[in-house]
Amino acid sequence: MFKIPEDRTRKLEGMRERGINPYALRYPETITVGEAHALIEAGGTPEVRVAGRVMAIRHHGKSAFLKLKDSTGMIQLYFQRDRIGEDEYKAYKLLDLGDFVGVEGECGRTRTEEATIFANSYKVLTKSLLPPPEKWHGLRDVELRYRHRYVDLFANDDVTAVFRLRSKVVSEIRRYMEDDGFLEVETPMMHPIAGGATARPFITHHNTLDMELYLRIAPELYLKRLLVGGLDRVFEVNRSFRNEGISPRHNPEYTMLEAYQAYSDYYGMMELTEGLIKHAIAKALGTEIKELDYQGKKINLAGSWARKSYSDLLQEKSGISLTSSESEVRDCAKKLGIETEGIDHWKLLNEIFEDTVEASLIDPTFVIDYPVPISPLAKRKEDDPNVAERFELFIAGMEIVNAFSELNDPLDQEERFRQQVETKDEEAPAEVDMDYVMALAYGMPPAGGMGMGVDRLVMLITNSPSIRDVILFPLLRRTAGSETTPPPDGSDGDEDSCQ
RNA sequence: GGGGGCAUAGCUCAGCUGGUAGAGCAACCGCCUUUUAAGCGGUAGGCCGAAGGUUCGAAUCCUUCUGCCCCUACCA
């Protein structure tokens, strides 16, 4: 838990004694700090009204400088006793770092030319009872930063900048997709069958229907039902959930863009992907970017991005090919220290690929034509039924996009679903999604589809080493008693809603 | 799940091979009406993450636990 320092409580009471509401109801008709700066830049000395959080106070006897911060920036305030009056000047001693105040005053500059609001009056808007972090270093402790992101945000401007960029990226993704004729849709997050990807799901339960539900691991199968329904271009910026490990590149809930385009295919998806990512980067960073620096790696974004076949890359880096025998693949895997016990041939092959190839794909590279057995939702190539029309886009060794020409043969789909179910793999769906097969049976137009990891794209653009740096509230273990107070009756809380 | 690292004041950090706790910022009290990581003088603040152990003596050494970080595994 936390302790409120006595000096702050004392000041809170001091405010109330003076008839000041430490939690004011409102402070309307303000301009932003950014607007105030613009007015000062324009050379005037207008009267303005601003509001924000006090980030610094420098007392000078009968005057004081304060720094006021709002979401548009920081501006200096100058409180002079003679200007704001004896009483108000005395009361300003009750202000602390972290408090919110509203100020009226005249814009101008100090003799060092710093833009400043010379306060005529001020109003306490919110008393802060906990001291902010150290003013120079900010909040460094990563655990506190993630657990108390609100502090991280107001103490560390670079953190705020990352999340502003993230927001920009997401809105530019939407703009690009809409401009290309895609319709944004929302599909269920609670699924009766966890399909559309291979991953362990989170399980939940609906009481009234007495039904097991899974948090979606991907929206794919619902979006493709919409293609059957005649919505030819759809996308969803979606949160999906996977009950798996946490790492610098994995959070149990994460954001994807999934998009489906009728009459297109995976080549079309490559064009869409490249255009979309280039657009998002250019708009987010405000300029056409040819090279991105990610964690010391130079990423060349210029020109058309490379397209290399899965099989060629595998051959080149590991000596294994798609036609290598079972024992060749096993030997190779063993040499790489990959666990081979009970792992099937194609999965092993893919692990060899991940081990030997992925890290080397720094510049954007479309890896194309994956083996069919690890691509259960992709169409087979016409000239090679063992290879699927599928690509993954890698940047900086990270998988950013997975896409394919969508399988729309209901009988083939049903067969591949059955094979998945039969593996009894924990990550495979427990049953065949017959409604989806039925949808395909009504006929789904040929289509390309793609799924893009938005968090990872934002990592690249903001040069963030960990996915947690681009997720406002990453999942952390709950610490004993630190975040909540137990209810007074000693029970575990609301039993109606706890399962 | 396996391996390594970290945990000291509200915050950022020192604390050597064991001898009983330090700085800066923030806070409090003074002085200061143009400072800007303001300055000067003073004060207060700690069960050194938790529990055991070794020792005359533990922030320091050992064990266990908790949390976080990194690597690894599963995955995107």
Side-chain angles (χ1 to χ4, degrees), chain A residues 2-8 10-11 55-67 74-84 89 93 96-98 108-116 118 128-148 151-152 155-156 197-200 217-218 240-258 337-339 343 347 350-351 354-355 358 392-394 398-402 425-427 451-457 459 465-468 474 476-483:
Chain A
F2 61 91
K3 235 195 311 212
I4 293 171
E6 271 173 43
D7 59 281
R8 299 232 168 188
R10 221 172 34 242
K11 288 174 179 174
M55 300 303 286
I57 304 177
R58 293 185 287 275
H59 309 273
H60 281 267
K62 296 177 187 63
S63 72
F65 291 96
L66 288 81
K67 289 270 185 181
M74 188 112 84
I75 195 162
Q76 177 166 268
L77 308 178
Y78 193 35
F79 281 20
Q80 294 165 101
R81 193 189 60 180
D82 295 345
R83 194 178 180 110
I84 66 172
Y89 191 73
K93 295 263 160 80
D96 280 307
L97 298 183
R109 291 183 188 274
T110 61
R111 69 178 179 208
T112 55
E113 292 296 300
E114 171 149 2
T116 300
F118 295 82
S128 161
L129 293 179
L130 290 172
E134 208 248 8
K135 63 182 175 188
W136 188 244
H137 298 94
L139 192 64
R140 290 283 184 80
D141 184 309
V142 287
E143 184 174 356
L144 294 182
R145 286 187 43 225
Y146 296 151
R147 284 194 193 281
H148 309 293
V151 181
D152 193 25
N156 299 327
T198 49
R200 263 178 291 183
I217 55 176
S240 286
F241 305 84
R242 299 189 181 180
N243 201 344
E244 299 187 342
I246 296 174
S247 86
R249 291 177 181 193
H250 303 268
N251 195 63
E253 53 179 302
Y254 70 106
T255 303
M256 271 196 293
L257 166 72
E258 280 208 9
I338 295 168
E339 174 61 53
I343 314 270
K347 250 189 130 169
N350 197 44
E351 287 188 27
E354 286 171 5
D355 237 52
E358 289 189 359
E392 291 195 357
L393 172 68
F394 288 85
M398 270 197 287
E399 182 190 337
I400 304 292
V401 174
N402 183 19
D425 194 322
E426 265 189 291
E427 291 176 358
M452 180 173 81
V454 170
D455 312 272
R456 289 180 175 182
L457 179 63
M459 285 169 70
S466 168
I467 197 167
R468 290 165 166 206
L476 294 179
R477 197 182 302 272
R478 189 172 162 181
T479 55
S482 70
E483 308 298 321

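So you know, we letter chains A, B, ... as the sequences are listed, proteins then strands, and number each from 1.
Heavy atoms of A:P132 sit nowhere under 4.0 angstrom from any nucleic acid atom. Within the nucleic acid shown, A:E358 has no heavy atom closer than 4.0 Å to any nucleic acid atom. In this structure, A:Y89 reaches neither bases nor backbone, as no heavy-atom distance under 4.0 Å exists between it and the strands shown. In this structure, A:L130 reaches neither bases nor backbone, as no heavy-atom distance under 4.0 Å exists between it and the strands shown. Across all strands, A:E143 comes closer than 4.0 Å only to sugar-phosphate atoms, never to a base (heavy-atom distances).
Looking at A:E114, its side chain has no donor and acceptor atom pair within 3.5 Å of the base of B:U34. In this model, a side-chain donor or acceptor of A:R58 finds a partner on the base of B:U35 within 3.5 Å.
Remark: A:K93 is not in phosphate contact with B:C28, judged by side-chain N or O atoms under 4.0 Å from OP1 or OP2. Listed pair A:R242 / B:C74 fails the phosphate criterion, with no side-chain N or O lying under 4.0 Å from OP1 or OP2. Contact check, A:R456 against B:A76: no side-chain N or O comes under 4.0 Å of OP1 or OP2. Within the structure, a side-chain polar atom (N or O) of A:R140 is placed less than 4.0 Å from OP1 or OP2 of B:C13.
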Test salt bridge (Lys or Arg N to Asp or Glu O under 4.0 Å) on A:K67 and A:E114; report intermediate values, then the result. CA-CA 12 Å; A:K67 289 270 185 181; A:E114 171 149 2; 2.8 Å; yes

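Rounded to an integer number of Å, the gap from CZ of A:F241 to C1' of B:A76 is 15 Å. Distance A:Q80 CD to B:U34 P: 8 Å, rounded to the nearest Å.
Between the C1' atoms of B:G18 and B:A59, the separation comes to 10 Å (whole Å). Comparing the C1' positions of B:U17 and B:U60 gives a spacing of 10 Å, expressed to the nearest Å. Separation of the P atoms belonging to B:A50 and B:A58 is 15 Å when rounded to the nearest angstrom.
Using a distance-only test at 3.5 Å, with no hydrogens or angles considered, a donor-acceptor pair links the side chain of A:R456 to the main chain of A:E399.
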